[in-house]
Structures are given as C-alpha cells and as structure tokens.
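Following: one structure in structure tokens, then a few remarks.
All residue numbers in this chain count up from 1 along the given sequence.
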Amino acid sequence: MTEPRILTVRPRPGEYAWTFGGAPPVARIAPGTVLDLYTEDCFAGRVRSEKDLVSEVCEFPFLNPQTGPFHIEGAEPGDTVAVHFVSIEPARDWAASTTVPLFGALTSTHTTATLQPPLPERVWIWQLDRTRRTALFQARDSDIEVELPLDPMHGTVGVAPAGLEVRSALVPDAHGGNMDTPEMRAGVTCYLGVNVEGALLSLGDGHARQGEGETCGVAVECAMNSVVVVDLLKDVATPWPRLESDTHIISTGSARPLEDAFRISQLDLVRWLVRDYGFSEPDAYQFATQAVESPLANVCDTNYTCVAKIRKEWLPARETYRGMHARLRETARALRS
C-alpha cells in the first residue's frame, strides 16, 4: 500500500474562508491526500468567557470560518468528492455556546417576525475533559452541573456551489455547507457532488457535541484538530450531500420550510436505493417508509437540514460509491497504526 501524502494546514487568523465559492484555493491536492487540519470555532475564537457577547466581539458576516478551500486535482462537474473523517478532536479544553438575539428555533427571528423582544444574550462556557471524553454543562442560574459525553463533529463541510454562486458559510444547501448534522463524526465518509473544476472543498464549525436540531442555534462550539482523507469518484453524481458510516447510508436535505428539507432527504434516499441497491422506485418508497430513521440536523440556519438514514444490515448486499467508504476506512486504520 502506497503511503498517502499528508498535508498539514494551520491557518493564521486572516487565512480562513467565509464563503463557499468565491475564495481562492489555499492548496491543490491529489485524490487520496490526507489533510491534517486545524479549524477555528464558529466565533473565530472570540467568545472565550461569559462576558464575551457575540454582538460585541463578533462582526457579521464574519462567522463560521472555514479551513480551505482545497482544489482537488481532476475534480469536474458530475464527479463526487469523498471526505472520510479519520479523527475529530477538540483543540482546547473549553468550548462556548450562546443565545443570539433573533436567532434560534424558540425565539423571534428576522423571518419569523413578532412583537416579542429578542431573547437576551447569554454565554455558557463548557469545560472539556479530553481524557475522560466529557463536556461539563454548568447552569448559569443554579448550581446544576451535568457531564455529557463528547461527540465531536463538523457542522460545516462543503464544496463550491453550482452556477457561479457564492454562499455564506452559514448556509446549507445542495453544495453542503452549514448542515449541522451530528452524523458528521469520525468514521464517516461524506460524499459531495462537484459543481466547479477542482470542487473547492472547505470545512470548519467544530462542535464538541450537539443535540439533534441545534435548537438554540448554537452547539458546543469548539476549535478542532481533524484528520480527513479526500478522494475522488469520477463520473458519479451526488445531487445532495450523502454520508456513509459502517452501519448506515445517510441522505441530507436543506431547505425552508422544514417539510421541504424532509422531502429532499427522503427523496434522495429513495433515489440512492434505486441507483445502487436494485430497488424499483415504488419498492424503494415503500421500504424506506418502513425502515428509515429521520433525525433533524438543524432547525435554525438560513436553511433547515433534515437527515434520512437506513441501516446497511437491512439492505441487499450491493456496493455503493464503488466501495469507497471501506477503502478509506482501511486508509484510516493504517494512519492510526
């Protein structure tokens, strides 16, 4: 087995991307390259204490900094980029979460306009024990403390959009972006359809953990040290971001209203079953209806994101994405050994 090329990237403060599309690549990489990356949190590291209110220390639209983009040699529209997460590890012993005025699922927003005043800004600093793999919740208004398990993930992974578009790193859509699904964890392969030459892959927005839906709009936001393997599938289309784990295949959909995000993810899963697993469309529709799991990813971003996932053990023994996930898992094992 040929040793993969490893590229280490530790961006300086002025070297992050804030959009998908419209940013020059920081490097050109060959398929099969291992990226050893540092990603900053969604606040660009500016929320460090309970006194650091987002409205005072952050400047819109400079939120959700991305490491990248990376130009993938040979990637063309109609291809698929595969991103396998070897490891995702918090880079600090603390993380931050907040409430933000006019943002979140349980408050007035700019698009759900009411006469209610915005929720007050509050900051919670979570202490992370990277040895014991825990994140400590400390209540602001009582002495309640609860340890939750670390479950590191990347909220934002994507490529440049189609049609010459430039999208904020806060927005999820068919190009990926700020999907905020807890499924994007170590051991998972993410498939992204290529829209422009080189794909222009970026990622960031690390979360030490996040509940499904990201209800208040902010997870346990954390800088990350992540290792990913990037590969390329020629002439394989991926209309919406898909994920594959050892146990599930997973489709995503991002839109508003929430019903449309749900429909996109379910339809994408049905079409995946037809393309790669031998179902007819009516059979896939019936089978998915009875077997699908449908966790929410986010109900707070510019577009909402839903997930549709199905257990591999219930599927016919067929190969999907040319067996890419299994091959990248072997690369990941070799890197860890």
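- For the residue pair S254 and D173, no side-chain donor N or O sits within less than 3.5 Å of a side-chain acceptor on the partner.
- Distance alone, capped at 3.5 Å, is enough to place a donor-acceptor pair between the R10 side chain and the D36 backbone.
- A donor-acceptor contact closer than 3.5 angstrom links the side chains of Y191 and E244.
- To the nearest 0.5 Å, atoms CG (L63) and CG (N178) are separated by 10.5 Å.
- Under the 4.5 Å side-chain criterion, counting only non-hydrogen atoms from C-beta, V157 is in contact with L192.
- In this structure, CE on M153 lies 12.0 Å from SG on C222, to the nearest 0.5 angstrom.
- Side chains of T331 and H84: no donor on one and acceptor on the other come within 3.5 Å.
- Residues L258 and R256 have side chains not in contact (no heavy-atom distance under 4.5 Å, counting atoms from C-beta outward).
- Side-chain contact annotation: H207 with D41, donor-acceptor N/O pair under 3.5 Å absent.
- Residues D205 and D180 form a side-chain contact, since some pair of their non-hydrogen atoms from C-beta on lies under 4.5 Å apart.
- At least one side-chain heavy atom of L128 sits under 4.5 Å from a side-chain heavy atom of L150.
- Under a 3.5 Å cut-off, the side chain of E197 and the backbone N or O of E73 do not form any donor-acceptor pair.
- Taking the charged nitrogens against the carboxylate oxygens, E50 and R122 have no contact shorter than 4.0 Å, which rules out a salt bridge.
- In this structure a side-chain-to-backbone donor-acceptor pair under 3.5 Å is present from T33 to A30.
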key: Trace of the side chain to side chain contact (heavy atoms under 4.5 Å, CB included) decision for W124 with Q138   = CA-CA 7 Å; W124 290 261; Q138 295 174 294; over 6 Å; no

key: Worked check of salt bridge (charged side-chain N to carboxylate O under 4.0 Å, His left out) between E56 and K51   = CA-CA 10 Å; E56 296 175 359; K51 297 178 180 179; over 6 Å; no

request  = Before giving the answer on salt bridge (charged side-chain N to carboxylate O under 4.0 Å, His left out), spell out for K309 and E183 the whole-Å C-alpha distance, their side-chain angles and the decisive distance to 0.1 Å.
outcome  = CA-CA 10 Å; K309 54 189 287 193; E183 304 289 347; 3.0 Å; yes

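- Between D268 and S251, the side chains place a donor N or O and an acceptor N or O closer than 3.5 Å (distance only, hydrogens not considered).
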request  = Please report the C-alpha distance between V100 and V218 in whole Å, then the side-chain angles of each, then the deciding distance to 0.1 Å, and finally whether the side chain to side chain contact (heavy atoms under 4.5 Å, CB included) criterion is met.
outcome  = CA-CA 8 Å; V100 179; V218 185; 4.2 Å; yes

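- If you take CZ on R242 and OG on S265, they are separated by 11.5 Å, rounding to the nearest 0.5 Å.
- Of all heavy-atom pairs between A23 and P69, the closest is O-CG, 3.5 Å.
- With contacts defined as side-chain heavy-atom distances shorter than 4.5 Å, the pair L273/Y285 does not qualify.
- Look at R329 and D246 and you find a salt bridge, because one of the NZ, NE, NH1 or NH2 atoms lies within 4.0 Å of a carboxylate O, short of that distance.
- Two different hydrophobic clusters hold M179 and L200 under the rule that ILVMFWY side chains link at heavy-atom gaps under 4.5 Å.
- Note: W18 and F60 fail the aromatic proximity criterion, with ring centroids not under 6.0 Å apart.
- Among L296, I264, N298, the one residue that satisfies the side-chain contact (heavy atoms from CB on, under 4.5 Å) test with T305 is N298.
- Without hydrogens or angle criteria, D301 side chain to Y304 main chain gives no donor-acceptor distance under 3.5 Å.
- V26 places a side-chain heavy atom less than 4.5 Å from the side chain of F70.
- Looking at S97 and E221, their side chains never bring a donor and an acceptor atom within 3.5 Å of each other.
- A side-chain donor-acceptor contact under 3.5 Å links E121 to the backbone of V54.
- Within 6.0 Å of the CD atom in E293, the count of heavy atoms belonging to other residues, nucleotides or ligands exceeds 12.
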task = Walk me through it: do N64 and T156 pass the test side chain to side chain donor-acceptor pair (under 3.5 Å)?
result = CA-CA 8 Å; N64 229 16; T156 306; 3.1 Å; yes

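- At a threshold of 4.5 Å between side-chain heavy atoms, the hydrophobic network of Ile, Leu, Val, Met, Phe, Trp and Tyr places V188 and L37 in one connected group.
- Judged purely by atom type and a 3.5 angstrom limit, R311 has no side-chain atom pairing as donor or acceptor with the backbone of T247.
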message = If you apply the rule side chain to side chain contact (heavy atoms under 4.5 Å, CB included), what do you find for E89 with S226, and how did you get there?
response = CA-CA 6 Å; E89 292 296 327; S226 295; over 6 Å; no

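- Under the 3.5 Å distance criterion, the side-chain polar atoms of T99 are matched with a main-chain donor or acceptor of P120.
- Cluster membership for L267 and I249, using ILVMFWY side-chain heavy atoms within less than 4.5 angstrom, is not shared.
- When side chains are defined from C-beta on, V227 counts as touching V34, because their heavy atoms get closer than 4.5 Å.
- A salt bridge is defined here as a Lys NZ or Arg NE, NH1 or NH2 lying under 4.0 Å from an Asp or Glu carboxylate O, and E40 with R92 meets this definition.
- Nearest approach of P31 to D231, heavy atoms of both residues: CB-OD1, 3.5 Å.
- Salt bridge absent: R327 and E330 never bring a charged side-chain N and a carboxylate O closer than 4.0 Å.
- In this structure, the side chain of R322 does not engage the main chain of E319 through any donor-acceptor pair within 3.5 Å.
- With hydrogens and angles disregarded, a donor-acceptor distance shorter than 3.5 Å links the side chain of K312 to the backbone of S245.
- Between D276 and R318, none of the side-chain N atoms (NZ, or NE/NH1/NH2) sits under 4.0 Å from a carboxylate O, so this pair counts as no salt bridge.
- In terms of modelled atom types and a separation under 3.5 Å, the side chain of T112 and the main chain of T109 share no donor-acceptor contact.
- Annotation: the span from L328 atom CG to T189 atom OG1 amounts to 5.0 Å, rounded to 0.5 Å.
- No side-chain donor from either of T39 and T67 sits under 3.5 Å from a side-chain acceptor of the other.
- Atom CZ in R209 sits 9.5 Å away from atom CZ in R185 (nearest 0.5 Å).
- In summary, of the residues considered (W240, F287, Y321), a ring-ring contact (aromatic ring centres under 6.0 Å, His included) with W272 occurs for Y321 alone.
- With values rounded to the nearest 0.5 angstrom, H154 atom NE2 is found 13.5 Å from T181 atom OG1.
- Both the sub-6.0 Å distance and the 45° axial angle are not jointly satisfied by R271 relative to the ring of Y277.
- Looking at heavy atoms from C-beta onward, S108 lies in side-chain contact with L102 at the 4.5 angstrom threshold.
- Ring-plane geometry between F137 and W126 is classed as tilted, the angle between the planes lying from 30 to 60 degrees on a 0 to 90 degree scale.
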